[in-house]
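Report on one structure; see the data block that follows.
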There are 2 protein chains.
Amino acid sequence: MFNEADKSYPIELVAEFLGINSRTLYYYEKFSLVCPLRRGRKRYYSKEDINWLEYVRELMYEHGMNLRSIIILIKRRDAVILDRCPEDIVLCFKNYLARKETVARKINIEGEDDNVKDLK
Amino acid sequence: MFNEADKSYPIELVAEFLGINSRTLYYYEKFSLVCPLRRGRKRYYSKEDINWLEYVRELMYEHGMNLRSIIILIKRRDAVILDRCPEDIVLCFKNYLARKETVARKINIEGEDDNVKDLK
DNA sequence: AATATATTTCACTTAAAGTGAAAAAGATAT
DNA sequence: ATATCTTTTTCACTTTAAGTGAAATATATT
């Protein structure tokens with residue numbers, strides 16, 4: 001479905017691939033669960049973004065983890081929590097953080113991390 | 001709060017200790033999340049029951065795991081899922097299973113496991 | 001300017017988790 | 001045996017998480 005040559009994909013395509021509503025992707029973005037690159041107003045999801053999202057869904061539907069705890073993981077990014085995580089989660093999480101920094105640097109301001117919403 | 005000499009505790013005391021409603025304990029029992037010993041109609045929770053319950057709460061509120069996934073873990077009791085679990089969960093889970101068998105043998109019928117309700 | 005597309009907002013839906021209160025069922029005392 | 005007290009069960013309700021539909025807004029394109 002995604003060919004290697006392309007580097008990024010529009011939201012509708014990603015939503016379809018993940019089998020979710022595009023609104024859900026906007027929703028996730030509120031919590032900085034994913035940060036697609038933006039050219040103008042339009043969002044472009046990288047292959048890594050998509051992998052991360054697949055992983056988040058797996059955490060939710062196979063590990064039975066809730067969004068809140070994933071968000072806390074992201075916001076706190078501390079060893080206390082990571083200590084108790086299975087290997088693969090830690091790995092995916094670190095990749096996500098790395099990617100996030102790259103995008104942040106690429107786009108504009110640095111580290112302006114905390115207009116991140118909490119779950120209501 | 002619990003002295004070593006006693007072997008079991010009534011539901012209200014356990015609920016208070018865990019900081020939850022006793023109805024929640026009945027609720028958990030519907031899914032076989034815990035199986036207190038019963039003398040007559042009254043429930044008696046062992047120290048191990050209480051540890052397991054504390055652990056379940058921790059899974060929910062610190063790991064962000066949902067009840068369903070914990071219940072699936074219990075019902076399936078298969079390696080596929082246990083493989084992906086942190087050490088301590090596997091341990092607690094195995095203790096729970098062992099305890100459950102003991103109680104089952106002690107009380108009456110064996111292995112009559114599956115009048116266990118699913119989450120609606 | 002008109003049309004098309006992407007995003008945002010708002011209110012709504014569904015399901016999980018938990019709980020309050022009354023009814024029911026067992027015990028215990030009189 | 002009846003009354004009283006306690007534990008359990010049932011039923012309907014509440015709260016919150018997660019997600020979504022549809023209209024309104026904003027931006028781009030012809």
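Everything numeric in this text was worked out from a predicted model, so none of it was measured. Computed from heavy atoms alone, side chains included, the values below leave out hydrogens, waters and symmetry copies. Note on naming: letters A, B, ... go to the chains in the order of the sequence lines (proteins, then strands), and numbering restarts at 1 for each one.
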In whole angstrom, give the distance that lies between atom [atom1] of [X] and atom [atom2] of [N].
| X | N | atom1 | atom2 | answer |
| --- | --- | --- | --- | --- |
| Leu67(A) | dG19(D) | CG | P | 5 Å |
| Arg41(B) | dT7(D) | CZ | C1' | 4 Å |
| Tyr26(B) | dA24(C) | OH | P | 17 Å |
| Arg23(A) | dC12(C) | CZ | P | 15 Å |
| Arg43(B) | dA27(C) | CZ | P | 13 Å |
| Glu29(B) | dT7(D) | CD | P | 15 Å |
| Tyr45(A) | dA6(C) | OH | P | 12 Å |
| Asn21(A) | dC12(C) | CG | P | 18 Å |

I want to confirm an ordering. Mapping Met60(B) and Lys42(A) to their closest nucleotides on DNA chain C, which one lands closer to the 5' end?
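Nearer the 5' end of the strand: Lys42(A).
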Consider only side-chain N and O atoms of Ser46(A) and Asp49(A), and report whether a donor and an acceptor are under 3.5 Å apart.
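Yes.
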Counting distance only, does the side-chain N/O of Trp52(B) pair as donor-acceptor with the main-chain N or O of Leu33(B) below 3.5 Å?
yes
Side chain of Asn51(A), backbone of Glu48(A): donor and acceptor closer than 3.5 Å?
no
How is Ile11(B) classified with respect to the nucleic acid when contacts are heavy atoms under 4.0 Å: base, sugar-phosphate, or nothing?
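Touches sugar-phosphate only.
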Does the side chain of [X] get closer than 4.0 angstrom to OP1 or OP2 of [N] through an N or O atom?
| X | N | result |
| --- | --- | --- |
| Thr24(B) | dG18(C) | no |
| Tyr44(B) | dT7(D) | no |
| Tyr28(A) | dG19(D) | yes |
| Arg39(B) | dG26(C) | no |

Give a yes or no on whether a salt bridge exists between Arg43(B) and Glu29(B), defined as a side-chain N under 4.0 angstrom from a carboxylate O.
yes
Heavy-atom side-chain contact between Pro36(A) and Tyr44(A) under 4.5 Å:
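No, every pair of side-chain atoms sits at 4.5 Å or beyond.
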Between Ile20(A) and Gly40(A), which residue's closest nucleotide on DNA chain D lies nearer the 5′ terminus?
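The residue whose closest nucleotide sits nearer the 5' end is Ile20(A).
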